[in-house]
Amino acid sequence: MRSLTFVIGTGRSGSTALSRILNAHPDVLSLNEFMASVGDVALPAGKVSGEGFWQLLFRPAPHFERMIRSGLPLPEFLYTRRPGRYAAQTTGIPALSLMVLPHLTDDPDALLDELCAAVVRWPERTAAEHHRALFGLLCARFGRTAAVERSGYSTGWAPKLRATFPHARFVHMFRQGPDCALSMSRHPGYRTILLLREIKARAGVDSLADLTDEHVRSLPADLSPLLDEHFDAALVRDRELPLRTFGTLWSELVTEGTEFLSQLPADQRTTLAYEDVLDHPAEELTRLAEFIGVDPLPRWLDTASALLDSSRRGSARRLSAKELDELRESCAPGTHVLERRPMR
């Protein structure tokens with residue numbers, strides 16, 4: 001593996017399409033939603049054995065399992081579309097299997113077994129060393145030379161990724177605020193995120209792990225069930241959530257991503273605007289390929305252009321004038337930050 005790059009951003013910004021585009025490049029290992037799947041618990045301090053590291057990659061993500069069992073799977077959950085030997089209702093779906101491995105192969109169960117056989121024999125070492133070995137193993141398995149991890153809703157992980165992989169490169173991907181926020185408002189994952197944030201705010205805690213039984217008992221009846229192993233999907237799907245709250249979330253995330261990027265050396269950072277990719281795909285993807293450290297192959301650029309969908313661009317303009325004004329106002333802080341960002 002010659003290079004490692006992380007694409008961070010708000011999500012709902014064309015980043016899933018970017019993973020498909022990167023996966024189409026013969027030299028790029030596209031690690032689709034890797035961090036979203038394993039979380040930063042897979043980056044523990046100190047050393048861990050190969051078996052211990054494998055368990056961090058294998059154990060199902062509890063929050064995603066609850067959503068699947070409750071009939072609220074995310075569109076990003078590739079494994080549930082073509083299920084194999086694992087299921088949330090019985091065995092649990094291994095973290096790597098839910099979104100990462102089905103992006104790479106049509107037989108994620110076989111690839112999981114192949115990885116397990118290798119990783120559990122690895123010696124005790126740091127999480128960073130294990131990850132580099134894992135990414136290198138996958139690069140060798142698929143004949144790739146550069147690894148690119150891309151997860152939605154990922155700006156919060158960036159500082160820890162930087163500390164763990166100090167030589168990694170970072171791409172901050174974003175989309176215009178009103179369109180992105182509107183897309184968030186229709187996505188069950190982002191609706192759940194806002195509701196869980198409300199739970200933490202009401203309880204006065206920073207993490208759901210800090211909730212006590214007393215905290216849970218004090219929550220309203222339309223919030224506390226979201227912490228159960230199974231809940232009514234309508235509590236997320238049908239609840240009225242003001243659009244402006246998603247605009248505020250977008251502003252927070254793009255500010256977080258922009259501030260993080262500004263602290264990096266110039267050769268380890270770049271930005272990617274969704275609208276720029278739609279307008280100038282060959283130019284923007286050529287620049288991205290060169291930043292990652294691969295050649296912008298003409299055939300790949302043609303394939304990539306075909307994977308882009310501009311039909312949702314400007315979707316917020318179909319809102320009423322009042323709704324659009326309120327959404328733009330809640331997005332204004334983030335929009336201002338992006339306008340002031342350093343030149344790439």
Side-chain angles (χ1 to χ4, degrees), residues 1 3-9 11 29-67 76 79 86 88 91-101 103-104 108 111-141 147-170 189 193 196 200 205-212 227 256-257 260 263-264 268:
M1 183 179 69
S3 68
L4 173 61
T5 303
F6 292 96
V7 179
I8 62 168
L29 175 72
S30 176
L31 295 164
N32 175 61
E33 304 281 10
F34 179 85
M35 285 304 302
S37 299
V38 303
D40 57 7
V41 295
L43 300 172
K47 293 186 176 182
V48 61
S49 67
E51 174 64 36
F53 179 63
W54 179 251
Q55 288 305 315
L56 297 176
L57 304 177
F58 182 86
R59 63 187 182 192
H63 50 295
F64 290 152
E65 293 283 292
R66 286 197 295 270
M67 295 185 79
E76 291 84 357
Y79 192 88
Y86 301 100
T91 59
I93 300 173
L96 275 186
S97 298
L98 190 57
M99 297 180 280
V100 182
L101 301 187
H103 180 70
L104 297 173
L111 182 54
L112 187 76
D113 293 343
E114 184 181 331
L115 293 175
C116 176
V119 174
V120 296
R121 296 198 300 268
W122 287 351
E124 186 177 75
R125 52 188 168 186
T126 66
E129 291 170 328
H130 277 303
H131 277 89
R132 282 193 288 267
L134 175 67
F135 300 160
L137 179 62
L138 285 168
C139 278
R141 168 68 169 75
V148 181
E149 193 281 335
R150 193 283 315 167
S151 292
Y153 190 65
S154 52
T155 55
W157 286 312
K160 191 163 188 177
L161 292 173
R162 167 69 173 161
T164 305
F165 307 101
H167 301 296
R169 303 166 189 177
F170 287 84
I193 285 168
L196 293 179
K200 290 188 290 185
V205 298
D206 294 325
S207 169
L208 294 177
D210 297 329
L211 289 172
T212 65
L227 301 171
E256 192 172 51
F260 168 77
Q263 300 167 14
L264 301 181
Q268 287 182 257

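Here the structure is a predicted model, which is why all the values come from computation and not from measurement.
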Side chains of Leu134 and Leu115: does their closest heavy-atom pair fall under 4.5 Å?
yes
d(Leu111 CG, Leu96 CG) to nearest 0.5 Å is 8.5 Å
Measure the acute angle between the ring planes of Tyr86 and Phe58, then classify it against the limits of 30° and 60° as parallel, tilted or perpendicular.
perpendicular
For the residue pair His130 and Trp122, does the interplanar ring angle fall in the parallel (under 30°), tilted (30 to 60°) or perpendicular (over 60°) class?
parallel
Can you tell me how far the CD atom of Glu76 sits from the CZ atom of Phe64, to the nearest 0.5 Å?
8.5 Å
Hey, mind stepping through Arg59 and Val41 against side-chain contact (heavy atoms from CB on, under 4.5 Å) and telling me if it holds?
CA-CA 11 Å; Arg59 63 187 182 192; Val41 295; 3.6 Å; yes
Met99 to Asn32 - nearest heavy-atom pair and separation:
O-ND2, 3.1 Å
Could you give the distance from CG (Leu138) to CG (Leu29), rounded to the nearest 0.5 Å?
5.5 Å
How close do Ala117 and Val120 get, counting heavy atoms only, and between which atoms?
O-CG2, 3.9 Å
Enter the distance from Ser49:OG to Arg121:CZ here, rounded to the nearest 0.5 Å.
14.0 Å
In terms of heavy-atom contacts, Glu33 and Glu149 come closest through C-OE2, 4.0 Å
To the nearest 0.5 Å, what is the distance between NE2 (His103) and CG (Leu31)?
8.0 Å
Hey, mind stepping through Phe34 and Leu57 against side-chain contact (heavy atoms from CB on, under 4.5 Å) and telling me if it holds?
CA-CA 9 Å; Phe34 179 85; Leu57 304 177; 4.0 Å; yes
Can you check whether Ile8 reaches Phe170 side chain to side chain, under 4.5 Å on heavy atoms?
yes
Taking NZ in Lys47 as the centre, count heavy atoms belonging to other residues, nucleotides or ligands within less than 6.0 Å. Is the count above 12?
no
Within the 4.5 Å heavy-atom criterion, are Leu161 and Leu43 side-chain neighbours or not?
yes
Smallest separation among heavy atoms of Ser151 and Trp157, with atom names:
CB-CZ3, 4.1 Å
Set out, in order, the CA-CA distance, both residues' side-chain angles and the distance that settles side-chain contact (heavy atoms from CB on, under 4.5 Å) for Ser154 and Met35, then state yes or no.
CA-CA 8 Å; Ser154 52; Met35 285 304 302; 5.9 Å; no
Residue pair Arg141 / Glu114, side-chain heavy-atom distance below 4.5 Å
yes
Spacing of CD belonging to Glu129 relative to CD belonging to Glu124, to within rounding of 0.5 Å
10.5 Å
Thr164 versus Arg132, closest heavy-atom pair with distance:
O-NH1, 4.2 Å
Would you check, one step at a time, whether the test side-chain contact (heavy atoms from CB on, under 4.5 Å) holds for Phe260 with Thr155?
CA-CA 8 Å; Phe260 168 77; Thr155 55; over 6 Å; no
Compare every heavy atom of Asp206 with every heavy atom of Asp210, then report the nearest pair and how far apart it is.
OD2-N, 4.3 Å
